[in-house]
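In what follows, a single structure is set out as structure tokens and then discussed.
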Amino acid sequence: MTTDEAVAPGTSDASPQAGTRVGAIDPRAFRTMLGHFCTGVTVVTAVGDGGPVGFACQSFSALSLDPPLVLFCPGKRSRAWPEIERAGRFVVNVLAEDQRDVSTRFGAPGADKFAGIDWRPASSGAPILPGALGWIDCAVQAVHDGGDHHVVVGRVMELSAPQADRPLLFFRGRYTGTLPDRGEAVPAGMSLDAFLTWPVGDDWL
Ligand SMILES: Cc1cc2nc3c(=O)[nH]c(=O)nc-3n(C[C@H](O)[C@H](O)[C@H](O)COP(=O)(O)OP(=O)(O)OC[C@H]3O[C@@H](n4cnc5c(N)ncnc54)[C@H](O)[C@@H]3O)c2cc1C
Ligand SMILES: NC(=O)c1ccc[n+]([C@@H]2O[C@H](COP(=O)([O-])OP(=O)(O)OC[C@H]3O[C@@H](n4cnc5c(N)ncnc54)[C@H](O)[C@@H]3O)[C@@H](O)[C@H]2O)c1
């Protein structure tokens with residue numbers, strides 16, 4: 001089926017195989033499809049002029065190994081982002097499976113998201129949250145336009161080792177987690193070590 005023949009969402013003859021016409025992307029269809037792309041959850045933090053700021057962020061990714069870069073995408077209506085940009089430094093707190101409450105707190109408007117949280121500063125001064133699976137201390141390297149979001153590239157300055165095994169996951173608009181026996185093995189014939197060292201000299205990241 002060509003793109004022009006594709007069935008618009010919501011029509012009665014839409015099938016699971018049907019696509020959505022370019023230029024007619026329904027936001028609900030977008031969120032439904034993208035919601036099936038399971039991600040971890042982070043809280044991106046910094047110290048702003050008025051104190052610590054942070055927001056729940058699933059649009060986080062490793063970007064480059066050499067130099068070490070990561071990226072995240074704050075919405076243009078985010079109130080934390082201008083403070084993070086001004087600070088020029090931020091921490092990506094990768095949430096552990098038992099931190100749904102932390103994601104909920106930082107994922108919605110709140111007067112003081114840090115109230116009662118015993119955070120400590122990274123070398124940059126940006127907040128490391130207690131109980132996080134790990135943290136990545138970064139400097140803002142570049143900011144690109146991304147529609148109604150910014151695409152922020154961060155230079156990794158320091159990072160923790162993983163402090164827990166299981167990440168918090170966000171899938172179909174809900175929180176979930178992993179179980180040890182749910183994970184798929186790495187591709188047959190490839191050891192975990194080989195998998196982890198595979199990118200050397202390659203460009204998959
Ligand atoms: C699992 C998860 C993943 C997420 N991933 C991302 C992501 O990748 N990128 C992203 O940009 N967002 C993401 N969000 C949403 C984001 O965390 C929230 O929008 C969060 O509230 C932003 O925090 P902030 O401090 O930047 O802005 P906030 O101060 O929380 O403001 C957010 C919005 O609410 C409005 N607002 C604030 N206070 C009030 C008020 N009192 N009355 C009315 N409106 C108000 C602001 O104007 C703004 O439009 C995610 C949320 C969840 C739960
Ligand atoms: N990238 C984001 O800005 C982003 C991502 C996830 C959730 N959120 C916000 O968190 C709140 C809770 O989400 P939910 O439980 O209703 O899930 P949802 O059904 O809105 O989200 C499903 C998927 O749609 C995508 N998405 C949702 N809102 C988006 C946005 N504004 N920009 C780009 N992609 C977006 C994400 O991939 C998400 O996993 C909502 O207000 C949602 O907008 C924002």
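In listed order, ligands and their atoms are each counted from 1. What's counted below: heavy atoms across the whole structure, side chains too, no hydrogens, waters or symmetry copies.
Heavy atoms of other residues, nucleotides or ligands lying less than 6.0 angstrom from CG of D112 number more than 12. Counting non-hydrogen atoms of other residues, nucleotides and ligands closer than 6.0 Å to CG of D118 gives a total of 12 or fewer. The environment of CZ in R174 is sparse: at most 12 heavy-atom neighbours from other residues, nucleotides or ligands sit within 6.0 Å.
Ligand 1 lies under 4.0 Å from heavy atoms of G54, F55, A56, C57, Q58, S59, C73, P74, G75, R77, S78, R79, A80, S103, F106, G107, A108, P109, K113, H149, F170, Y175.
The aromatic rings of W81 and F72 lie perpendicular to each other, with more than 60° between the two planes, well past the 30° mark.
Between F37 and F170, the ring center distance fails the sub-6.0 Å criterion.
Side chains of D137 and S124: a donor-acceptor N/O pair is present below 3.5 angstrom, by distance only.
Checked against side chain to side chain donor-acceptor pair (under 3.5 Å), D49 has the following partners two or more places apart in sequence or in another chain: R86. Under the rule for a side chain to side chain donor-acceptor pair (under 3.5 Å), the partners of D145 that lie at least two apart in sequence or sit in another chain are K76.
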Which N/O atoms of ligand 2 sit under 3.5 Å from a protein N/O, and at what distances?
{"residue": "ligand 2", "atom": "3 (O)", "partner": "H149", "partner atom": "NE2", "Å": "2.7"}
{"residue": "ligand 2", "atom": "15 (O)", "partner": "G173", "partner atom": "O", "Å": "3.2"}
{"residue": "ligand 2", "atom": "19 (O)", "partner": "R28", "partner atom": "NH2", "Å": "3.3"}
{"residue": "ligand 2", "atom": "20 (O)", "partner": "R31", "partner atom": "NE", "Å": "2.8"}
{"residue": "ligand 2", "atom": "20 (O)", "partner": "R31", "partner atom": "NH2", "Å": "2.6"}
{"residue": "ligand 2", "atom": "37 (O)", "partner": "Q58", "partner atom": "OE1", "Å": "2.9"}
{"residue": "ligand 2", "atom": "39 (O)", "partner": "Q58", "partner atom": "OE1", "Å": "2.7"}
{"residue": "ligand 2", "atom": "39 (O)", "partner": "Q58", "partner atom": "NE2", "Å": "3.4"}

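Residues V156 and V70 have side chains in contact (heavy-atom distance under 4.5 Å, counting atoms from C-beta outward).
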